[in-house]
Each structure stands twice: as C-alpha cells, then as structure tokens.
Amino acid sequence: GMGSSSLNYLLFNTRRKPWDDLRVRRAVAHAIDRNVMVEKGTFGLAQPAYSPFSKRSWPWAYNPKVETMYPIDLAKAGNLLNDAGYPLGPDGVRFKTTVILDRGDTRTIDITEILREQLKKVGIDLVMLPMDKPTASDRVWMKADFDLWSGPSSQGSDPSIGIERLFATEGIPPVPSNHNGNGYSNPEVDRLFFLARTTIDLKKRGQYYREIQPMLLRDLPSLPLTDTPKFAAFAKKVRGVNERRFWSIYYAPSDAWFSQ
C-alpha cells in the first residue's frame with residue numbers, strides 16, 4: 001500500500017549566524033540539485049519537493065509557481081554568499097556548519113550526504129552530526145541548540161495538522177518534536193493558515209494555501225528537499241488493512257482479516 005507523503009527538509013536555525021541571513025539561506029536553495037537527491041538518496045522512489053506542501057498529498061492546495069523560484073545556479077549562490085560577507089577562503093571553504101540528524105534514519109543520512117557534496121561546490125563545509133532520536137529532538141525542538149536539522153516530516157491527514165505546526169507562531173518551542181523549530185513568525189502566514197483551518201470550502205482553502213507557499217519560500221525558514229510516499233507491504237492473505245490517516249505512518253490492524 002502507498003500512504004501519504006513524508007517530506008524531507010532542511011531546517012535553518014535562523015537565530016544563529018550564518019543562517020540568520022536570508023542571502024545565505026537563498027544561496028543554499030540555488031546550490032542544491034533535488035533530482036540527484038531523489039535518484040541517489042531514495043532509489044528514485046521520491047519526487048523533488050519544492051514546497052512544504054506535498055504535490056502528491058495535496059494537489060488541491062499545491063502551488064506549482066514555487067518550483068521556479070530557486071533555479072540551480074552555483075554562480076548566483078556564490079554571489080549571495082559573497083554579499084553576505086562569506087568569501088571563499090584559500091582552502092575553498094567559506095564557513096563550516098553542522099547538521100543534526102537521526103542516526104537511525106538511513107534515508108535522511110543518504111539525502112544529507114548528497115546535500116553535503118552539493119554545498120561543498122559553493123564553499124560550505126557541512127559537518128554531519130548523527131545522533132539518537134531523543135537527543136536530536138531535545139537539541140532541535142526543545143533547546144534550539146543546532147545550526148541545521150535534516151529530516152522528514154509527515155504531511156498528516158490535512159495541511160492544518162501536518163504543515164501548519166511547522167510555520168505557525170503558536171508552534172514555536174519548547175514544543176516537543178517537529179513543530180516550528182526556528183521561531184519563524186509571519187503574521188500574514190499565521191492569518192492565512194487560520195483562515196484555511198477554519199473554512200470548510202476546499203476551493204477557498206486551496207487558495208489560502210497557494211498564497212502561503214511563495215511567502216514561505218521567500219522567507220525560507222526551511223528548505224524542502226524530497227517527497228517520499230509511505231510504503232507498507234503485507235502478505236496477500238492479509239486484507240482490510242487501512243491507513244490511519246492522522247499521522248499517515250501507522251497502519252490500523254483493527255479491521256484486518258486473513259483471506260484463508
């Protein structure tokens with residue numbers, strides 16, 4: 001069975017140098033090649049993710065305009081980094097930074113290794129810090145003690161559950177795990193998320209969400225990388241297994257039965 005999506009993304013700690021500078025975050029957006037991440041990091045199972053909203057999960061809310069906001073352009077990335085005050089050193093490095101990730105999450109490790117190689121080309125030395133999940137969660141979501149975090153986030157059963165928490169002001173830590181990990185706060189984004197959450201008209205909700213996406217990509221609190229569907233395999237004789245949509249990671253066995 002194929003469940004809803006899990007979106008891998010890079011979270012910038014915008015309270016910390018150099019990630020407090022939008023030019024540096026935009027440089028990263030111009031330096032990455034998502035197609036290579038999909039091919040080599042996910043065996044081609046994922047799709048490139050250009051928006052925090054999964055194209056696969058929310059076709060009614062997805063804004064394709066974000067796909068052209070940051071074309072791959074290493075020269076532009078270099079210029080942005082120069083402007084921000086991070087020139088290339090004699091060793092080809094502009095600055096060193098660390099990325100925290102869950103050491104048990106092999107897909108994220110693969111994607112982040114590709115990210116590291118790509119950032120090297122523009123002079124960013126990315127040091128990977130794999131750690132156990134509780135330690136990573138504590139450092140990132142509770143203490144905000146990190147430079148970058150790389151990992152997945154479930155899209156949940158609705159954007160108001162799976163996506164809003166990552167960007168809404170009320171999701172700012174200390175909130176355990178996978179909320180607004182860098183204190184991002186934009187009143188207009190909050191307003192549109194609220195309107196979308198309190199409206200049942202799907203067409204209107206889609207309009208609000210499409211308006212939000214370019215704002216999130218302009219502010220760049222985080223950078224979407226890949227969009228992977230959730231897979232689960234069952235023996236042919238197992239029937240009636242339903243996906244539990246709330247987190248879309250769990251399959252509910254309560255209605256399952258054996259056909260023989």
Side-chain angles (χ1 to χ4, degrees), residues 7-42 44 46-53 55 63-101 105 107-130 140 146-153 166-167 181-182 184 213-228:
L7 209 98
N8 263 73
Y9 69 101
L10 185 68
L11 181 69
F12 301 105
N13 188 349
T14 53
R15 300 181 178 99
R16 226 181 235 193
K17 280 188 178 336
W19 305 113
D20 59 340
D21 193 319
L22 180 57
R23 291 169 295 189
V24 179
R25 305 197 300 274
R26 287 183 170 167
V28 171
H30 282 297
I32 63 163
D33 186 338
R34 293 173 174 91
N35 290 315
V36 176
M37 291 177 185
V38 165
E39 248 162 77
K40 295 187 174 165
T42 75
Q47 292 175 344
Y50 299 93
S51 163
F53 286 70
K55 190 179 192 171
N63 189 339
K65 288 187 179 140
V66 296
E67 295 178 13
T68 54
M69 283 178 72
Y70 295 101
I72 302 168
D73 188 338
L74 300 189
K76 188 167 188 178
N79 290 337
L80 283 162
L81 291 164
N82 288 339
D83 293 348
Y86 298 98
L88 268 179
D91 54 356
V93 175
R94 296 172 188 275
F95 62 83
K96 185 184 260 196
T97 192
T98 60
V99 58
I100 288 179
L101 40 120
D105 181 355
R107 185 178 71 216
T108 292
I109 290 169
D110 291 345
I111 290 168
T112 312
E113 278 173 351
I114 295 160
L115 175 75
R116 181 178 63 186
E117 293 309 306
Q118 293 178 355
L119 294 186
K120 208 179 268 179
K121 292 179 185 169
V122 292
I124 297 172
D125 182 7
L126 185 63
V127 179
M128 289 166 66
L129 300 179
V140 177
F146 70 105
D147 296 334
L148 300 167
W149 176 81
S150 179
S153 178
L166 303 175
F167 303 103
N182 56 7
Y184 174 70
Q213 288 162 74
M215 291 180 194
L216 293 178
L217 268 290
R218 272 196 296 274
D219 293 346
L220 224 56
S222 61
L223 184 65
L225 303 174
T226 62
D227 179 4
T228 313

Item checked: Flag, side chain of Gln213 to backbone of Asn63, donor-acceptor distance under 3.5 Å -> yes

Item checked: Single hit among Leu166, Leu216, Leu11 for side-chain contact (heavy atoms from CB on, under 4.5 Å) with Tyr184 -> Leu216

Check: Which value, rounded to the nearest 0.5 Å, describes the distance between Leu148 atom CG and Arg16 atom CZ?
Finding: 9.5 Å

Check: CG of Asn8 to CG of Leu225: how many Å apart, nearest 0.5 Å?
Finding: 6.5 Å

Item checked: Pair Asp110-Lys40, salt bridge (Lys or Arg N to Asp or Glu O under 4.0 Å): steps then yes or no -> CA-CA 8 Å; Asp110 291 345; Lys40 295 187 174 165; over 6 Å; no

Margin query: To check you understand the geometry: which heavy-atom pair defines the closest contact between Val38 and Ala46, and what is its length?
Written below: CG1-O, 3.2 Å

Notebook entry, point to check: Side chain of Asp125, backbone of Lys96: donor and acceptor closer than 3.5 Å?
Noted result: no

Notebook entry, point to check: Under a 4.5 Å cut-off applied to non-hydrogen side-chain atoms, are Ile109 and Met128 in contact?
Noted result: yes

Checklist line | Residue pair Leu223, Arg25: steps toward the side-chain contact (heavy atoms from CB on, under 4.5 Å) verdict | finding: CA-CA 8 Å; Leu223 184 65; Arg25 305 197 300 274; over 6 Å; no

Check: What distance do Leu22 atom CG and Phe12 atom CZ have between them, rounded to the nearest 0.5 Å?
Finding: 9.5 Å

Item checked: Test side-chain contact (heavy atoms from CB on, under 4.5 Å) applied to Glu117 and Lys120, step by step -> CA-CA 5 Å; Glu117 293 309 306; Lys120 208 179 268 179; 3.5 Å; yes

Margin query: Would you say the rings of Trp19 and Phe146 are close, in the sense that their centroids are separated by under 6.0 Å?
Written below: no

Note to self: Working note: Leu81 + Ile124, criterion side-chain contact (heavy atoms from CB on, under 4.5 Å); need CA distance, chi angles, decisive distance, verdict.
What the structure shows: CA-CA 10 Å; Leu81 291 164; Ile124 297 172; 4.2 Å; yes

Margin query: Can you confirm whether the side chains of Asn82 and Arg94 place a donor and an acceptor under 3.5 Å from each other?
Written below: yes

Next item on the list: Specify the closest pair of heavy atoms between Ile114 and Gly41, including all atoms of both residues, with the distance to one decimal.
Entry: CD1-N, 3.5 Å

